[in-house]
**Student:** 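Here it is, the structure in full.
For clarity, every value in this text was computed on a predicted model and none was experimentally measured. FYI, side chains are in, hydrogens and waters are out, and symmetry mates aren't considered; it's all heavy atoms of this structure.
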Amino acid sequence: MGPKRRQFVRIALVAMACAILLASAADAQRGYGQRSFREGSFPPQFPPEDFVDGGLTICKLMYTQVRREAMGIGWLTDYPYAAVNLMTRASELTKIPVSWDANHNPHPWVVRLTDAALFDCPVIVASDVGTMGISDAEAARLREYLLKGGFLWVDDFWGTNAWEQWVSQIRKVFDAGEYPIVDLPPTHPIFRTYAPMGRVPQVTNIQFWRGSGGTETSERGADSIDVHTRAINDAHGRIMVLMTHNTDLGDSWEREGEDPGYFYQFSPPGYAVGLNVLVYLLTH
């Protein structure tokens, strides 16, 4: 990336930071976005039969946890405010229509792979997937969902062991020979459909960041130094599965209002990635 392009990216991220700060202040004034629950204590909200209303919905995938990873709590990781905040900022910073509840807050819907509602979710997000286990029946359902046009984004899993566990599960869904996992090049449109990035930043969870004095981002040391942005495409080149490994983009959205230092370091680039993905998804 040349000097002029780097300068443009910095200006774009500063502008985004200002916009998010103003929006966050408005949210706080109306009492929205305050984390009034213990992490992991927010009850899952399953969508009713008639939940589709034409607006964007990001569904959180509930799965069975078969192993544990440090600093993770299985499917509940980053639920519900990562998706809620991303949808809120998408409504403010883009023209994407979002699905709202009666209080004008985005719906934090949860789905299981066996739920009929799965096929009405344009996007499903799963966190801490290095702890995931799926059955053969669930794998068949996920394959059907993805081949019919669905999109799965997995995020916030770190190191070799978590990667290998995730691969062992997604290979129940797609054969490696027919649907290989590929690294996305910096030139891929998903990095620049909304804001020019060229890469996915390494975002650490806020507790690790505070524990390191704000100086470290690799949660597994040498085993998670590099961020991997990988995908599984369908036969037409459409991304079905997006994998952001060795980074926690969910915290850059979820924790936007908790610490100014954390916000300025991680939230603008994290939102840039999130909005790139959503705009890319809705236009491809």
Side-chain angles (χ1 to χ4, degrees), residues 42-64 74-92 94-129 132 134-156 169-170 172-174 179 190 193-194 231-244 249-250 253-254 274-284:
F42 194 90
Q45 296 186 14
F46 297 102
E49 290 185 4
D50 58 348
F51 77 100
V52 177
D53 60 9
L56 173 69
T57 298
I58 298 175
C59 297
K60 184 73 168 181
L61 181 62
M62 176 186 281
Y63 60 80
T64 300
W75 79 266
L76 274 165
T77 301
D78 298 330
Y79 177 76
Y81 276 115
V84 166
N85 287 349
L86 178 58
M87 286 187 283
T88 299
R89 304 308 165 218
S91 75
E92 295 162 342
T94 75
K95 294 184 178 180
I96 296 174
V98 168
S99 176
W100 304 101
D101 65 18
N103 297 316
H104 201 66
N105 295 326
H107 294 284
W109 299 129
V110 172
V111 293
R112 294 162 292 215
L113 291 174
T114 53
D115 292 343
L118 175 71
F119 291 90
D120 288 320
C121 293
V123 185
I124 56 176
V125 172
S127 304
D128 195 23
V129 294
M132 174 192 285
I134 59 175
S135 67
D136 290 342
E138 289 172 326
R141 288 272 293 180
L142 181 55
R143 178 185 173 91
E144 182 183 6
Y145 165 81
L146 293 170
L147 290 177
K148 283 186 173 181
F151 182 87
L152 169 64
W153 185 356
V154 296
D155 178 57
D156 192 10
Q169 300 307 297
I170 197 62
K172 295 179 182 180
V173 180
F174 290 123
Y179 295 101
I190 204 167
T193 302
Y194 174 78
I232 297 175
N233 301 320
D234 69 8
H236 304 287
R238 177 185 67 88
I239 295 177
M240 298 185 290
V241 183
L242 177 66
M243 295 158 267
T244 45
L249 292 167
W253 314 324
E254 180 188 18
L275 296 177
N276 272 336
V277 170
L278 293 182
V279 174
Y280 174 85
L281 169 66
L282 296 174
T283 56
H284 290 73

**Student:** What distance separates L142 CG from S135 OG, expressed to the nearest 0.5 Å?
**Tutor:**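 If I round to the nearest 0.5 Å, the distance is 10.5 Å.
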**Student:** Within this structure, what is the CE-CG distance for the pair M240 and N233, rounded to the nearest 0.5 Å?
**Tutor:**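 Rounded to the nearest 0.5 Å, the CE-CG separation comes to 7.0 Å.
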**Student:** How far does OG1 of T94 sit from CG of L282, to the nearest 0.5 angstrom?
**Tutor:**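 T94 OG1 to L282 CG: 8.5 Å, rounded to 0.5 Å.
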**Student:** Output the distance between atom CG (L146) and atom CG (L118), rounded to the nearest 0.5 Å.
**Tutor:**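 So the CG of L146 and the CG of L118 are separated by 8.5 Å.
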**Student:** Report the distance from atom OG1 of T244 to atom CG of L249, rounding to the nearest 0.5 Å.
**Tutor:**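 One finds 5.0 Å between OG1 of T244 and CG of L249.
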**Student:** Please examine the side chains of V98 and T88, heavy atoms only from C-beta on, and report whether any two atoms are closer than 4.5 Å.
**Tutor:**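 SC-SC contact between T88 and V98 ruled out.
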**Student:** With a 4.5 Å limit on heavy-atom distance, are the side chains of L147 and Y179 in contact?
**Tutor:**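 When only atoms from C-beta onward are counted, Y179 and L147 do touch, with a gap below 4.5 Å.
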**Student:** Check the pair L86 / L275 against side-chain contact (heavy atoms from CB on, under 4.5 Å), numbers first and verdict last.
**Tutor:** CA-CA 8 Å; L86 178 58; L275 296 177; 4.3 Å; yes
**Student:** Can you give me the closest heavy-atom contact between A126 and M132, atom names plus distance?
**Tutor:**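 Answer, listing the atom of A126 first, then M132: CB-CE, 4.2 Å.
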**Student:** Does a side-chain N-to-carboxylate-O contact under 4.0 Å join E138 and R141?
**Tutor:**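 A salt bridge is absent here (no side-chain N lies under 4.0 Å from a carboxylate O).
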**Student:** Partners of P44 by side-chain contact (heavy atoms from CB on, under 4.5 Å), sequence neighbours excluded?
**Tutor:**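 P44 satisfies side-chain contact (heavy atoms from CB on, under 4.5 Å) with F46, M62, W75, V110 only.
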**Student:** Can any side-chain N or O of D155 pair as donor or acceptor with the backbone N or O of S127 at less than 3.5 Å?
**Tutor:**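 Absent.
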**Student:** At their closest point, which heavy atom of G274 faces which heavy atom of W253, and how far apart are they?
**Tutor:**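 The answer is CA-CZ2, 3.8 Å.
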**Student:** Could you check whether any side-chain N or O of Y145 sits under 3.5 Å from a backbone N or O of L152, counting only pairs where one atom can act as donor and the other as acceptor?
**Tutor:**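 Not a single qualifying donor-acceptor pair exists.
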**Student:** Would you say the side chain of I239 lies within less than 4.5 Å of the side chain of I190, judging by non-hydrogen atoms?
**Tutor:**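 They are in side-chain contact.
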**Student:** Determine whether W153 and I58 make a side-chain contact, defined as any pair of heavy atoms from C-beta on separated by less than 4.5 Å.
**Tutor:**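 No. Closest side-chain heavy atoms not under 4.5 Å.
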**Student:** Indicate the atoms forming the closest heavy-atom contact of V154 with M243, along with that distance.
**Tutor:**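 Heavy atoms of V154 and M243 come nearest at CG2-CG, 3.4 Å.
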**Student:** The test is side-chain contact (heavy atoms from CB on, under 4.5 Å); show your working for V277 and V123 and say whether it passes.
**Tutor:** CA-CA 10 Å; V277 170; V123 185; over 6 Å; no
**Student:** Does N105 reach the side chain of V84, with side-chain heavy atoms less than 4.5 Å apart?
**Tutor:**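 No, every pair of side-chain atoms sits at 4.5 Å or beyond.
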**Student:** Can you name the closest pair of heavy atoms from D78 and G250 and give their distance?
**Tutor:**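 Smallest interatomic distance, heavy atoms only, reads OD2-CA, 3.7 Å.
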**Student:** Distance from S91 atom OG to W100 atom CH2, nearest 0.5 Å?
**Tutor:**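 Output value for this atom pair is 3.5 Å.
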**Student:** Taking T77's backbone N and O only, do any of them form a donor-acceptor pair with K60's side chain (distance below 3.5 Å, no angle check)?
**Tutor:**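 Yes, because the side chain of K60 sits within donor-acceptor range (under 3.5 Å) of the backbone of T77.
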**Student:** Are any side-chain N or O atoms of Q45 and backbone N or O atoms of P108, one a donor and one an acceptor, separated by less than 3.5 Å?
**Tutor:**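 Checked: no pair found.
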**Student:** Is V173 close to I134 at the side-chain level, that is, under 4.5 Å between some pair of heavy atoms?
**Tutor:**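 Touching, per the 4.5 Å side-chain cut-off.
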**Student:** Checking the side chain of D101 only, and the main-chain atoms of N103 only, is there a donor and an acceptor separated by less than 3.5 Å?
**Tutor:**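 The answer is yes, because a donor-acceptor pair under 3.5 Å joins these two groups.
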**Student:** For T283 and V279, work out which heavy atoms get closest and say how close.
**Tutor:**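 That would be OG1-O, 2.7 Å.
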**Student:** With sequence neighbours excluded, tell me which residues meet side-chain contact (heavy atoms from CB on, under 4.5 Å) with K148.
**Tutor:**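 For K148, the residues satisfying side-chain contact (heavy atoms from CB on, under 4.5 Å) (neighbours in sequence not counted) are F119, E144.
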**Student:** Restricting to side-chain contact (heavy atoms from CB on, under 4.5 Å), what partner residues turn up for D136, sequence neighbours left out?
**Tutor:**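 Per chain and number, D136 pairs via side-chain contact (heavy atoms from CB on, under 4.5 Å) with K172.
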**Student:** Do Y63 and L113 have side-chain heavy atoms sitting under 4.5 Å apart?
**Tutor:**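 They are not in contact (no side-chain heavy atoms under 4.5 Å apart), so the answer is no.
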**Student:** Between H107 and M87, what is the shortest heavy-atom contact and its length?
**Tutor:**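 Distance-wise, the nearest heavy atoms are O-CE, 3.4 Å.
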